[in-house]
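Working notes, beginning with the structure itself.
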Amino acid sequence: MHKLLTDTPGERMLLLGNEAIARGALEAGVAFTTCYPGTPSSEIPEQFFRISQETDLYFEYSTNEKVALEVGAGAAVSGLRVMVTMKHVGLNVAADPLMTLAYTGIKGGMVIVNADDPSLFSSQNEQDNRYYARLSGLPMLEPTNTQEMKDMTARAFDLSEELGLPVLLRTTTRLAHVRGPVRLGELKPIQKAAHFDKNPFHWVTVPAVSRNLHKLLLERYERAKAVSEKDPYNETMGNGKWGVVANGVAFDYASDAVADLGLKDQVSILKLGMSHPLPEQICIQFLQGKEKVLVVEELEPINENELKALAHEKGMAVTIEGKGTGGFSRLYEYDPGMVRKAVAQYFGVDYSPPEMVDTSDSPQLPGRPPNLCAGCPHRATYYAVKQVYGQDAIYPTDIGCYTLGMLPPLSMADFVICMGSSVSSGCGFSRATDQKVVSFIGDSTFFHSGITGLVNAVHNNHKFTLVILDNGTTAMTGHQIHPGVDTTPMGVDRTRISIENLVRGLGVQDVHVVKPFKLKKTVEAVEAARDFDGVSVIISEEMCPLFAKATQQFKKSKPFYVNHEKCKNHRDCINQLACPAMYLDGEQVEIDKNLCIGCSVCAQVCPENAIVPVKA
Amino acid sequence: MKAKRLVFIGVGGQGNLLASRLLGEAALSRDIPTVVSEIHGMAQRGGIVESAVLMGDVTSPIVSNGEADVFIGFEPLETLRGLTKCNAHTTVITNTHPLPPFTVAIGQGAYPQVEESLNLIRQKVDRLIALDGNQIAEAVGNPLALNMVMLGALIGSDTIPIQAEDMKDVISSSTKKAFLESNLEAFDKGMQSV
């Protein structure tokens, strides 16, 4: 049995923040769950994926976040309780349905989990998605610890049904990936089926209908505001002439700082757990009689600006500061030491932080950037393409493990902005310049948002090559399935869609399917694609070895070693491939037999044929 | 209880995330308030993996620079790099077995001498415990048990209010039978090496 199905209310468990959210949904009787995976949200659907195999819970990995939200919308307007999860940039993809689903509202409770990534641990930007609550008019909850992640999730479903609106639950990387104690509540039974009641004059958003729905949204917003005023997670702690307002993980830093600095009697704290709509009355009460207030929030000065506007409107003399004080910036995440220092500085308290050791006499340390794994098929594909184009072509790339191909010595990435952009920006590059263009996209990302770009490329007669790196899984986010995966080894029944058939069906005339570990044939395919006058697609098929191992599909090959009698130390292997299984022992290249998976790519690169399989 | 802040640093695949999680479980079993934080995602493709365990009167899940009470490094280069987490009162526990990054192999920088690194660290912090964790793990016949060795050394350092028995209970309930004996042996050997 999955540990989140443990039915012992009152028991304490150490749960990952994302597990706590999944548990909260189960305690609310969630029946229908969808997602597209993305760090730091991926562990929520991972739980649902496994739990759906044991219970009546419906779960799917949808093709992208827009699809996930629309699938969820169908279930929620029919009356089921629905959770949809995504990372912050995923909500950009889902923004279109979000904005109008806010108009129609829902029947069954719907919680949209949005995971922000301040400091960009695993993302292409650090946008602050609290703006989406303001943009859409939807309520937003922001937990501050694992217990609240569970409890607020369960509450979000009730709130959603009470208001008739989807509710946004916002986490950040630090909360999603924190483990803390969670006291379990009761599990609710899962509702199996729903019935959709037709009412086109509500659910079909033609202009005449939507004019009324916008009004309805504003009415619901007013009700949400009233709820926010009474929300137990909008909590004022302590009293004093000074104040701190904080949300999310910054609340933990701020309350620790106030305690550590011995300021509990002077500084009261307002925690904004339901941060949108802003509980204005609670804020006014908090600001009244305060001399000065510090707003502790990561990323954008949203609460700060709203509080300043409120104080101005009410003619209050209180000083409110946030960004620009004590090192608080719109950049990156905060940390406890920084917040402690800022609080001390703002309220004029003597404080000397623990002195970090002096590292100025440390030697220059070699970097340890993340790298493609030993035997990763992406390395072989990149090497083959590079044999044909060198550094002359433009290489638009995409979002996934293969983005790591940007690092030397491969250096096979020139431009990426978002999922799917490799294909469409390739259209632009090839038309705007005289340079050759080879775009790279992963299999899961191709299904997510590469298909429409490829249709565009064929229709508008663009000329470039698209390489689809098909490793049979969504590798970067933890090996989730996608429409191109054979799901039988995972014990689930899903229909597999052939990338080759799809690409041919889109009208691509020049299609090559290669096995990247066969370097010569792969190079030949790249040359043929280069010489084709139009859009070419190369599908490079080889399963991610980590995924293959995890699902018992790995075919063990003999590891390789360097025969030093033949090796003339050209070092093409290590210098051009940089496989992490290779290392230098003195001046000699060696291969770590425990890391080598026997892909044989280095053996094909060696001009002396000095790399050979280990004899049995 | 006064806050205790522990930082674990390792390289993808060394198992420091599991070590910090098990420590969190052990703290919970002793009713000590605890919070564990981890870095997932991109950082795990052969890069540096950092986790933190905080116990006692603290709710913040991470440790700022200069604020670690105990710093556990699974790889000597990364211990040296991560030293910014430490202050003059920190206890540092480090594995001495190097795992050179591929940047060294392709000539972008040199791997620092381990002995020199240890001397440098020793001068700056309160206490340095250095052990060849890989060798100990190999000796008990379970090369993957480095994290158990390091947990053993941590408990042996007597820096946190977690007893060996508490830790072993948690290890026993979360280890597959085939590895249990060697894991516990690795833990004991780690403890004895302090």
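The figures that follow rest on heavy atoms only: side chains count, while hydrogens, waters and symmetry mates do not. Lettering of chains follows the sequences in order, A, B, ..., and the numbering in each one begins at 1.
- Chosen from Gly107(B), Ser37(B), Pro33(B), Gly109(B), the residue pairing most often with chain A at heavy-atom distances under 4.5 Å is Ser37(B).
- Between chain B and the options Thr359(A), Asp256(A), Leu372(A), Thr477(A), the largest number of non-hydrogen pairs under 4.5 Å is found for Asp256(A).
- Using a 4.0 Å cut-off between a side-chain N of Lys or Arg and a carboxylate O of Asp or Glu, Arg571(A) and Glu587(A) qualify as a salt bridge.
- Just one of Asn125(A), Thr172(A), Thr173(A) meets the side-chain hydrogen bond (donor to acceptor under 3.5 Å, both in side chains) condition when paired with His88(A); it is Asn125(A).
- Interface residue Arg340(A): only side-chain heavy atoms are found under 4.5 Å from chain B.
- In terms of non-hydrogen atom pairs under 4.5 Å with chain B, the most contact-rich of Leu584(A), Val249(A), Asn575(A), Val589(A) is Leu584(A).
- Of the residues considered (Leu28(B), Val53(B), Val104(B)), Leu28(B) shows the highest number of contacts with chain A, using heavy-atom pairs under 4.5 Å.
- At least one side-chain heavy atom of Ser172(B) sits under 4.5 Å from a side-chain heavy atom of Leu180(B).
- For a residue to count as touching a neighbouring chain, one of its non-hydrogen atoms must lie under 4.5 Å from one of that chain's; by this rule Pro353(A) does not touch chain B.
- Contacts of Asn145(A) with chain B are absent, with no heavy-atom separation under 4.5 Å from either backbone or side chain.
- Residue-environment remark: NZ (Lys3(A)) exceeds the threshold of 12 foreign heavy atoms within 6.0 Å.
- Heavy atoms closer than 4.5 Å to chain B are found nowhere in Pro40(A), neither backbone nor side chain.
- Ranked by heavy-atom pairs shorter than 4.5 Å toward chain A, the options Ser51(B), Ala68(B), Ala110(B), Ser60(B) are led by Ser60(B).
- Within 6.0 Å of the OH atom in Tyr351(A), the count of heavy atoms belonging to other residues, nucleotides or ligands exceeds 12.
- The part of Glu333(A) that comes within reach of chain B is its side chain, from C-beta onward, which places non-hydrogen atoms under 4.5 angstrom from that chain.
- Among Pro580(A), Pro409(A), Cys373(A), Pro181(A), the residue making the largest number of heavy-atom pairs under 4.5 Å with chain B is Pro181(A).
- Listed by sequence position, Leu120(B), Lys124(B) are the residues of residues 116-124 of chain B in contact with chain A, using a 4.5 angstrom heavy-atom cutoff.
- Counting heavy-atom pairs closer than 4.5 Å to chain B, the top residue among Gly17(A), Ala250(A), Ser362(A), Gly180(A) is Ser362(A).
- The two atoms that bring Tyr111(B) and Val114(B) nearest to each other are CE2-CG2, 4.2 Å, heavy atoms only.
- Of the listed residues (Arg368(A), Met582(A), Met356(A)), the one with the most heavy-atom contacts under 4.5 Å to chain B is Arg368(A).
- At a heavy-atom separation below 4.5 angstrom, chain A is approached by no residue within residues 184-194 of chain B.
- Between the side chains of Ser64(B) and Asp335(A), at least one donor N or O lies within less than 3.5 Å of an accepting N or O.
- Between Ile129(B) and the options Thr91(B), Leu154(B), Thr94(B), Val92(B), a side chain to side chain contact (heavy atoms under 4.5 Å, CB included) holds for only Thr91(B).
- By the neighbour-count criterion of 12 heavy atoms within 6.0 Å, atom CD of Glu181(B) is sparsely surrounded, having that number or fewer from other residues, nucleotides or ligands.
- Because its NZ or CZ atom is both nearer than 6.0 Å to the ring centre of Phe251(A) and within 45° of the ring axis, Lys271(A) counts as a cation-pi partner of that residue.
- Using a 4.5 Å cut-off between heavy atoms, Glu75(B) touches chain A through its side chain atoms alone.
- Other residues, nucleotides and ligands contribute more than 12 heavy atoms inside 6.0 Å of the CD atom of Glu11(A).
- For Gln135(B), the CD atom is loosely surrounded, since the number of other residues' heavy atoms within 6.0 Å does not exceed 12.
- In this structure, chain B has heavy atoms under 4.5 Å from both the backbone and the side chain of Asp361(A).
- With chain A as the partner, the residue from Val58(B), Asn65(B), Asp57(B) showing the most heavy-atom pairs under 4.5 Å is Val58(B).
- Considering all non-hydrogen atoms of both residues, Arg379(A) and Ala374(A) come closest at NH1-CA, 4.3 Å.
- Between chain B and the residues Val339(A), Ile574(A), Val178(A), Asn371(A), the most heavy-atom pairs under 4.5 angstrom are made by Asn371(A).
- Only the side chain of Ser255(A) comes within contact range of chain B, with at least one heavy atom under 4.5 Å from a heavy atom of that chain.
- Ring pair Tyr334(A)/Phe328(A) is parallel by interplanar angle, where below 30° counts as parallel and above 60° as perpendicular.
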